[in-house]
Amino acid sequence: MAANNTNGTICVHGDCPSTGRLDDVWVFDVTSQTWTELPAAPPPARGDLRLPLSARSCIACTGTTASESKAARSFGSALHAMADPCRIVVFASGNGSNFQALIDAVKDGRIPNSKIIRLIVNRAKAYATTRADNAGIPWEYFNLISHGFQAKGEQDPVKIQEARNKYDAALAEKLLKGDYKPELVILAGWMYVFGKAFLDPLEAAGIKIINLHPALPGKYDGAGAIERAYQDFKAGRLENNRTGIMVHYVIDQVDRGEPILVREIECREDEDLHQLEERIHKNEHELIVEAAALVVKQILEQRSRQ
Ligand SMILES: Nc1nc2c(c(=O)[nH]1)N[C@@H](CN(C=O)c1ccc(C(=O)N[C@@H](CCC(=O)O)C(=O)O)cc1)CN2
Ligand SMILES: NCC(=O)N[C@@H]1O[C@H](COP(=O)([O-])[O-])[C@@H](O)[C@H]1O
């Protein structure tokens, strides 16, 4: 057993049951009171182990196999669980039900060893802020017009683009300054298109950005995707009568980044738009958690290889 008092986790591994030896690896998060199973340590299984934590890895020392002599081996799988949590910043513009799904999944360990360090909203009345308050997550309201980047009612496209570039650059700088630099940004109902002034600094800093979009890859890009798919379905124009949802990496071209996870959703004749939306949202809450967990595990594994 090894305890890491910097991030409040305890790693346990191996032991001697009535016969044989164990090689499983578990981490207990003292804060959330949750257990997470990690990939088993490299064979052979051992009992009676010592698990000192070094700066770079969790070492299983001594220990006795069912037959072999004592030996030492290192396994990185416990490392990322014992490492500091993956820092996540979430962006939302509205109700925040997907943000809530992320909060719950971080708390119960379905998104392993992570912490949502901040919520950013661009609408002052976004209910996502209430969800953040209830979860003890700091949040910040940052709006293109309210914070003076673009004049209300501005019609000049050149001035609008200038304003958006300045807003994007300011938002990137906000994220990159020391006290809450994320490793992962999740757009969970964020209704604003980022330009390169935001995307490029984050890419340079190695920060991944993922987005939840309620459509299949290459279909219904942009806002109002569910409504447009529903209209096509009612008009008999929806391919295979199926729409869907995806979580994808964010690039400059809206909703055209590499998909991470995709889920098809069939449309039903007996459903109205609201019922389809409800069914889609339920699927979104599952998919955004699954996708975030995949990306977090990649981030933590990348750390342990550095
Ligand atoms: N560069 C990127 N920015 C964003 C992406 C992306 O893939 N690349 N995804 C969007 C999320 N999104 C769809 O998934 C989306 C949201 C909003 C809009 C849009 O047209 N926004 C308008 C304002 C609309 C409003 O305020 O109601 C705008 O930005 O002017 C398109 C796509 C997040 N950003
Ligand atoms: N193009 C982006 C887009 O349409 N995003 C959609 O906004 C909703 C946010 O709901 P929530 O605020 O309850 O999470 C979700 O349906 C999400 O797919």
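Whatever order the structure lists ligands and atoms in, that order sets their numbers, starting from 1. Because only heavy atoms are used, hydrogens play no part in the values below, and waters and symmetry mates are left out as well, while side chains stay in.
- Ligand 2 has no N or O atom lying under 3.5 Å from any N or O atom of Asp255, backbone or side chain.
- Close contacts between ligand 2 and Asn98 involve ligand atoms 10 (O), 11 (P), 14 (O), 15 (C) [criterion: under 4.0 Å to a heavy atom].
- Once rounded to the nearest 0.5 Å, the distance linking NE2 of His281 with CD1 of Ile226 reads 5.0 Å.
- Centroid-to-centroid, the aromatic rings of Tyr167 and Phe198 stay 6.0 Å apart or farther.
- Atom numbering of ligand 2 starts at 1 in the shown order; those under 4.0 Å from a heavy atom of Gly222 are 1 (N).
- Here Arg131 pairs with nothing under the salt bridge (Lys or Arg N to Asp or Glu O under 4.0 Å) rule; sequence neighbours left out.
- Ranking protein heavy atoms by distance to atom 18 (O) of ligand 2, first place goes to Glu284 OE2, 2.3 Å.
- The closest protein non-hydrogen atom to atom 12 (O) of ligand 2 is Gly96 N, 2.8 Å.
- What sits closest to atom 4 (O) of ligand 2 on the protein, heavy atoms only, is Pro214 CD, 3.6 Å.
- More than 12 heavy atoms of other shown residues, nucleotides or ligands fall within 6.0 angstrom of atom CD in Glu277.
- At the top of the distance list for atom 13 (O) of ligand 2, counting protein heavy atoms only, stands Ser97 OG, 2.5 Å.
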Evaluate Asp108 against Arg110 for salt bridge (charged side-chain N to carboxylate O under 4.0 Å, His left out), listing each step before the verdict. CA-CA 6 Å; Asp108 68 19; Arg110 284 174 291 137; 2.7 Å; yes

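- The part of Met191 lying near ligand 2 is the side chain, judged by heavy-atom distances below 4.0 Å.
- Taking the six-membered ring for Trp, Phe99 and Tyr127 have ring centres at least 6.0 Å apart.
- Residue contact check: Gly189 has heavy atoms under 4.0 Å from atoms 5 (N), 7 (O), 9 (C) of ligand 2.
- Protein residues lining ligand 1, listed by chain and number: Arg123, Arg164, Leu187, Trp190, Met191, Tyr192, Val193, Phe194, Leu199, Asn211, Leu212, His213, Gly222, Ala223, His248, Val250, Ile251, Asp252, Val254, Asp255 [non-hydrogen atoms, distance under 4.0 Å].
- Ion pairing between Glu239 and Lys219 holds under the 4.0 Å rule for side-chain N and carboxylate O.
- Protein heavy atom in closest approach to atom 1 (N) of ligand 2: His213 ND1, 3.3 Å.
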Evaluation steps, salt bridge (charged side-chain N to carboxylate O under 4.0 Å, His left out), between Glu183 and Arg303: CA-CA 11 Å; Glu183 294 168 277; Arg303 274 195 208 165; 2.8 Å; yes

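- Residues Glu290 and Arg263 are paired through a salt bridge, judged by an N-O separation under 4.0 Å between the basic side chain and the carboxylate.
- Side-chain contact check for Asn241 versus Glu266: every heavy-atom pair is 4.5 Å or farther apart.
- For Gln155, the CD atom is loosely surrounded, since the number of other residues' heavy atoms within 6.0 Å does not exceed 12.
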